[in-house]
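Each remark here refers to the structure printed beneath this line.
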Amino acid sequence: MGALVQDSPVEALLARTGAPRQTSDWGANARLAARGRLGRLGAPKRRDEYWRYTNPALLLADSAPVSERIHSDEPPVFDAVDKLLVVFVDGEYRADLSDDLTGEGLEIQTLQEALDTDIHWAANVFGVLESAGQKPVARPMAAMNTALAAQGVVIRATGKVARPVCLRYLRESDRADVMVHHVVRIEEGAQMTLLENGPAGARMNSVLEVDIADSGAFHHVRAQGRDHGRLAHSHLFARLGASSLLKSFTLTVNGKLTRNEAVVELTGDDAVAHLAGACLGDSDFQHDDTVFVTHDAQNCESRQVFKKVLKNGATGVFQGKILVQPDAQKTDGYQISQGLLLDDDSTFLAKPELEIYADDVICSHGSTCGAVDETSMFYLMSRGIPRKIAQNIMIEAFLDEAIAEIDNPELADDIRSRLSGWTERHS
Amino acid sequence: MFEIKNLKASLADEDKQILKGMNLKVGPGEVHAIMGPNGSGKSTTSYVAAGKGGYVVDEGEVLLNGENLLDMEPDERAAAGLFLAFQYPVEIPGVGNMTFLRTAVNSQRKMRGEEELNAAQFLKLVREKAKSLKIDADMLKRPVNVGFSGGEQKRNESWQMAMLEPKMCILDETDSGLDVDAMKLVAEGVNALRDGKRSFLVITHYQRLLDHIKPDVVHIMADGKIIKTGGPELALEVEHNGYADLLNEVA
Ligand SMILES: Nc1ncnc2c1ncn2[C@@H]1O[C@H](COP(=O)(O)OP(=O)(O)O)[C@@H](O)[C@H]1O
Ligand SMILES: [Mg+2]
């Protein structure tokens, strides 16, 4: 270890954006350290253990592909929700389109503002969780993000935040190459909901670092837009204190390539982390959830629920791991990943892993892949429901276990209506 | 009204004919029963009539008011007025019972060119129909048949039948797995739907259901066809003597 891997892809990655603006010492140091990490880790390669099912080439290419924006009269996801709206256009924060960055029980700033501040709480989180999350599995594209991203928000929740913060990613260009980095700190006993919506760019690399103190709660609901050609590579790094809660749900429809990585560490006793995803893909669609949950404290619960509906040659990938450290007794770990294939051309690849070093734990995992159940289809049709509608009902039912992970019913219903819109358009 | 004409059907995956020339004619408002030993093809008859996959029709027709159901998709058969109460109702996790049936009712209405029911109209209809079958709010909210007891599943079938108001109802072993009280409840539900026009084909292995749903005609089925047709007394004969005598008679 420590030897420098001199490969030109890394230099190409670091040359992707101009050198980020000068910042405070801590900011500059964090970015410099991230550069060093990326240099040591090297760019992801097809032969890396967790890149076998998804080719990183498009994520590494010098420029983003052209991805046409979808034009729709449909209001954006979460539009009806009472929220604090933060808008990014082609990955750039737009104060003119956003609400004032003030809210009860929270402090919110742009990433650049935080990085420009000499003494800032974010110094304890920015690049710190990402760096910790590089072990045991390298995530070089996240290190690149820390080194380069100039856009994002930092949020500190100090109480029960009433209105969700909603990051809305709009597009104006067909080829914007976007990098955003968000930092969230949930103080002891504080609670907040973060919503994210939109494709952000033709290519988007995102990092969300979430540090949850004891008894804090962080709810995260995300929808990744509807644009077809776009590439998205997201990373969630979360650290959970005692009795804290993390719930993260992602809806993905369309998109040429999506890789959603989540790295969650339960560091305090009695913490709960639920990660869920529902995706629907038609044709040129590669969707990859790569999840790593580490139980490092006692009596914690983790749950992974990932469901993928695939048709016309779409590919779904799930790589999910539960690591239970020796002291993490009374761990309750659960993981389910399921692919619903609407034809013979589509593929679901799953790599579920359990690694357990404690003896008093309950961990279960399951993975299934199959077509729509014909017996159920016949039952629905025998009551007068046409085949297409019956199939859509079955698709929505299949995904519902993941959507049920969203605690707020208004948000869950919004997500449900989006996916029924998709099933109608694609049936 | 409803007629099965020389129906021959085989399994799609195997070269095995199950129905070997079924003939049956149910007039408007009539209740017919099909009895027969296990494996004689009673359920297959109902599945082929309703359009389940996995069977190939080799010959014959199934007519409802002159239309050949075999030319239609299962949903079109339902809209044409056919209803099959399943021997084993299917559990569908994630699909609410109420949403399911509202979709069914409105799909049928749409296919028939009738106006769809709005939420309030549908709810009113549900209240009307649910009461007599002792369907409670909880059963309506739960996923279709999931975690339902045997009795609840069969009551749910009857409730769907009542809601959809079909012209022709096929009931496959509606009494199986039910205790006497549950069976009576279901039978009452069925009797309430007898209006002199709606027809029924009641498939049962045992005579006891026919004490509660009184048939006009009883058919005995064996090895893929009807071997004997008679009045209600035929069911009693089977009850007392079993199928052996009847089978020998034909053999
Ligand atoms: N899908 C199937 N696969 C294999 N065998 C079947 C299938 N459906 C029916 N059969 C066979 O067809 C015959 C008739 O079955 P069924 O119609 O269920 O009889 P019944 O309802 O009178 O008991 C039986 O021998 C049964 O095993
Ligand atoms: Mg049967």
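In this structure, the side chains of A:M394 and B:I92 come closer than 4.5 Å at one or more pairs of heavy atoms.
More than 12 heavy atoms of other residues, nucleotides or ligands sit less than 6.0 Å from atom CD of B:E76. Atom NZ of A:K256 sits in a sparse spot, with 12 or fewer heavy atoms from other residues, nucleotides or ligands closer than 6.0 Å. Heavy atoms from other residues, nucleotides or ligands lying under 6.0 Å from NZ of A:K330 number 12 at most. For A:D344, the CG atom is loosely surrounded, since the number of other residues' heavy atoms within 6.0 Å does not exceed 12. Other residues, nucleotides and ligands contribute only 12 or fewer heavy atoms inside 6.0 Å of the CG atom of B:D15.
Closest of all the heavy-atom pairs between B:S107 and A:G384 is CB-O, 3.1 Å. The shortest heavy-atom contact between B:A104 and A:R383 is CB-O, 3.3 Å.
When A:I385, A:D373, A:D400, A:I393 are compared by the number of non-hydrogen pairs under 4.5 Å with chain B, A:I385 comes out ahead. If you tally non-hydrogen atom pairs under 4.5 Å between each of B:Q160, B:E73, B:M111, B:K110 and chain A, the highest count goes to B:Q160. If you tally non-hydrogen atom pairs under 4.5 Å between each of B:L101, B:T103, B:V90 and chain A, the highest count goes to B:V90. Among B:T99, B:V105, B:V95, B:V144, the residue with the largest count of heavy-atom pairs under 4.5 Å with chain A is B:V95. Of the listed residues A:L380, A:L399, A:I389, the one with more heavy-atom pairs under 4.5 angstrom with chain B than any other is A:L380. Across B:M163, B:E157, B:M161, the residue that shares the most heavy-atom pairs under 4.5 angstrom with chain A is B:E157.
Using cut-offs of 30° and 60° on the angle between ring planes, the pair A:Y379 and B:F100 is parallel.
Atom OH of residue B:Y88 and atom OG1 of residue A:T375 lie 13.5 Å apart, to the nearest 0.5 angstrom. How far CZ of B:R77 is from OG of A:S382: 11.0 Å, rounded to the nearest 0.5 Å.
Proximity to chain A involves both the backbone and the side chain of B:P89, based on heavy atoms less than 4.5 angstrom apart.
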